[in-house]
Amino acid sequence: RAPGMPPGLMRSAWTRRSGVVGLVDIAPTVLDLLGLPRPDVMEGRPFTPGPRGGDAAARIHRLADTAERAAFRDLAVVEASSFLGAAGFLLTVAAVLAFWRGRGRCGPRTAAALDLAALGLAVFLPLTYLAMLVPFAHTSMPAYWVFLTVTSLGVAGGLRLLARTRPLGAPIAALVLVYGVVLVDVATGSRLQFNGAFGYSPTVGGRYAGLGNLGFAQLATAAALLAALVAHVIGGRRGLMAACGVLLAAFVVDGSPFFGADVGGVLSLVPAFGVTAWMLSGRRLRLRHLALLGAGSVVAVTLAGLVDLARPVESRSHLGRLLAGDGGDFWVVVQRKAESSLRTFGVAPATLLLPFFCLGVVWLVRWAPGPVGVLRRRVPEIDAGLAGAGLVGLLGALLNDSGLRITGITFAIVIATLVSGCVRVGMLADPARVDEPEGQGSSA
């Protein structure tokens, strides 16, 4: 309630979401109402009227529902992250044992179980977003987990049936689901990111719009791996162009101030996607190319910031405000993000499992016999996808305040894709077609 302010939902340029404002917005609002200048060190922005949002009862119901969903999400993200880390670790251990002991000759039931578990782990991530379409916050957490378990296994089983004649069909479809759900959601307003288990919450206050760090990890990792498999299936120059299209769409949605507005994501994506595209083109990668890609990251962020600065003040993202000097002290922001990232290197169970998780994936890629060797011979483009995904996990952890949580999600998608690909191409595929390229193949 203030002079000249109509009833409705409040918003601010800081949150860019109607019905949600931050504590940092209160002081700027008071100064704005009193007609006093706002110091540059204040990060928030004054409250402004948003849409009316119906009558008072409807507005109250909307805010109460948002609060309930936020409380539910803050519990769900802890359980979902723990499940993802444990499931990824167990899948890695199972794959290492199966590929090592059996030298790629384990029974069809074991191979089918590995494939189902890998595909289920991959589709689990996008299903946590789609679960937002069901009001689980008003039911119970057990119902939420029953939904995720049944649908993950059901979708994984369906993918296996639909891709019986195409060895790479199932992992490609799983990656399309991971990639597509995040891409479409962010391009249409990030409704599933807001209060999604791997999205962001208004009770945390780090982000209210655009693409969150954990969503970035899913989009970027799936894009790198999907681009590699698409390049292989289509083959030739058309395959390379299609792969670049997959990477470009993810880059635009993640980094554009109109959509994801993810600064750390842009700094990570230019090197990661650049390496993937360069390797898919068949060219040799050198240190100077990596240096150019690093410089390209800075140029991309600068261009995104200039585009953001050209927008109205009330529509700017945090990047535009920071470049304009009204988003708080730059070094304070950097220090806060660095401290948040370092806190993820603690002694949580998931953090303790991550090194073994990563070592298992590296062993599978570098030294595992049998199915992995067959996969890399038949699908040489997979190396480009793995290189890009590895850079996403490394740079994403260093440049974002979510730290090792990004690496954990990246390696979960990598191990799911790798195990399903190895099983389907190296163990379940027709032995007579083991060295036959999928589709036309590529000269990379």
Side-chain angles (χ1 to χ4, degrees), residues 81 84-85 88 92 121-122 125-126 171 174-183 186 193 198-199 210-231 243-244 246-255 260-280 285 289-290 293-294 296-298 300-301 337 341 344-345 354-355 357-358 361-362 364-365 381-418 421:
S81 298
L84 187 70
T92 304
L121 179 63
L125 289 165
L175 289 172
V176 167
L177 192 58
V178 177
Y179 172 89
V181 167
V182 177
L183 189 82
V186 176
Q193 288 285 318
F198 289 106
L211 181 60
N213 291 337
L214 304 185
F216 149 78
Q218 296 176 47
L219 176 65
T221 305
L225 294 170
L226 181 61
L229 296 182
V230 165
C244 290
V246 170
L247 299 175
L248 181 61
F251 176 79
V252 170
V253 168
D254 177 75
D262 184 13
V263 179
V266 172
L267 292 172
S268 306
L269 289 187
V270 172
F273 287 0
V275 166
T276 300
W278 195 270
M279 292 178 66
L280 288 176
L285 192 65
H289 299 143
L290 295 177
L293 289 173
S297 300
V298 178
V301 170
K337 288 182 174 294
S341 178
T344 66
F345 289 77
L354 190 58
F357 192 0
C358 297
V361 174
V362 171
L364 286 172
V365 173
E381 295 86 352
I382 193 68
D383 287 343
L386 293 172
L391 283 174
V392 168
L394 174 63
L395 298 177
L398 296 176
L399 298 173
N400 292 279
D401 49 12
S402 293
L404 287 179
R405 297 186 186 97
I406 291 177
T407 308
I409 288 179
T410 293
F411 273 85
I413 299 174
V414 167
I415 191 62
T417 304
L418 193 62

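As the structure is a computational prediction, the values presented were derived from the model and not from experiment.
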Exercise. Taking it one step at a time, do Val186 and Leu219 satisfy side chain to side chain contact (heavy atoms under 4.5 Å, CB included)?
Worked result: CA-CA 10 Å; Val186 176; Leu219 176 65; over 6 Å; no
How many angstroms lie between [atom1] in [X] and [atom2] in [Y], if you round to the nearest 0.5 Å?
X: Thr276; Y: Leu247; atom1: OG1; atom2: CG; answer: 6.0 Å
X: Thr417; Y: Leu386; atom1: OG1; atom2: CG; answer: 8.5 Å
X: Leu125; Y: Leu177; atom1: CG; atom2: CG; answer: 9.5 Å
X: Ser268; Y: Phe273; atom1: OG; atom2: CZ; answer: 10.0 Å

For this session: May I have all residue pairs that pass side-chain hydrogen bond (donor to acceptor under 3.5 Å, both in side chains) and include part of residues 217-226, sequence neighbours excluded?
Result: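 Non-adjacent pairs meeting side-chain hydrogen bond (donor to acceptor under 3.5 Å, both in side chains): Tyr129-Gln218, Thr221-Thr410.
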For the residue pair [X] and [Y], what are the closest heavy atoms and their distance?
X: Ala387; Y: Val275; answer: CB-CG1, 4.1 Å
X: Ile406; Y: Gly396; answer: CD1-O, 3.3 Å
X: Pro271; Y: Leu391; answer: O-CD1, 3.8 Å
X: Ala249; Y: Leu183; answer: O-CD1, 3.7 Å
X: Glu381; Y: Ala228; answer: O-CB, 3.2 Å
X: Ala217; Y: Ile409; answer: CB-CG2, 3.9 Å

Problem set entry | Full working for side chain to side chain contact (heavy atoms under 4.5 Å, CB included) between Leu175 and Ile413 | CA-CA 8 Å; Leu175 289 172; Ile413 299 174; 3.9 Å; yes
For this session: Could you point out which residue of Leu418, Ile415, Val414 forms a side-chain contact (heavy atoms from CB on, under 4.5 Å) with Thr92?
Result: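 The option that passes is Ile415.
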Problem set entry | Residue that, paired with Val176, satisfies side-chain contact (heavy atoms from CB on, under 4.5 Å) out of Val230, Val181, Leu226, Leu229 |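 Of Val230, Val181, Leu226, Leu229, side-chain contact (heavy atoms from CB on, under 4.5 Å) with Val176 is met by Leu226 alone.
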For this session: Would you please name every residue forming a side chain to side chain contact (heavy atoms under 4.5 Å, CB included) with Ala174, sequence neighbours left out?
Result: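 So Ala174 forms a side chain to side chain contact (heavy atoms under 4.5 Å, CB included) with Leu119, Ala122, Val123, Leu159.
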For this session: Sequence neighbours left out, what passes side chain to side chain contact (heavy atoms under 4.5 Å, CB included) with Ala243? Give chain and number order.
Result: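 Ala227, Ala231, Leu280.
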Exercise. Do Val253 and Leu211 have side-chain heavy atoms sitting under 4.5 Å apart?
Worked result: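 No, side chains not in contact.
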Exercise. So do the side chains of Phe216 and Val392 get within less than 4.5 Å of each other, counting heavy atoms only?
Worked result: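 Yes, their side chains come closer than 4.5 Å.
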Problem set entry | Donor-acceptor contact below 3.5 Å, side chain Tyr179 vs main chain Val246 |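 Present.
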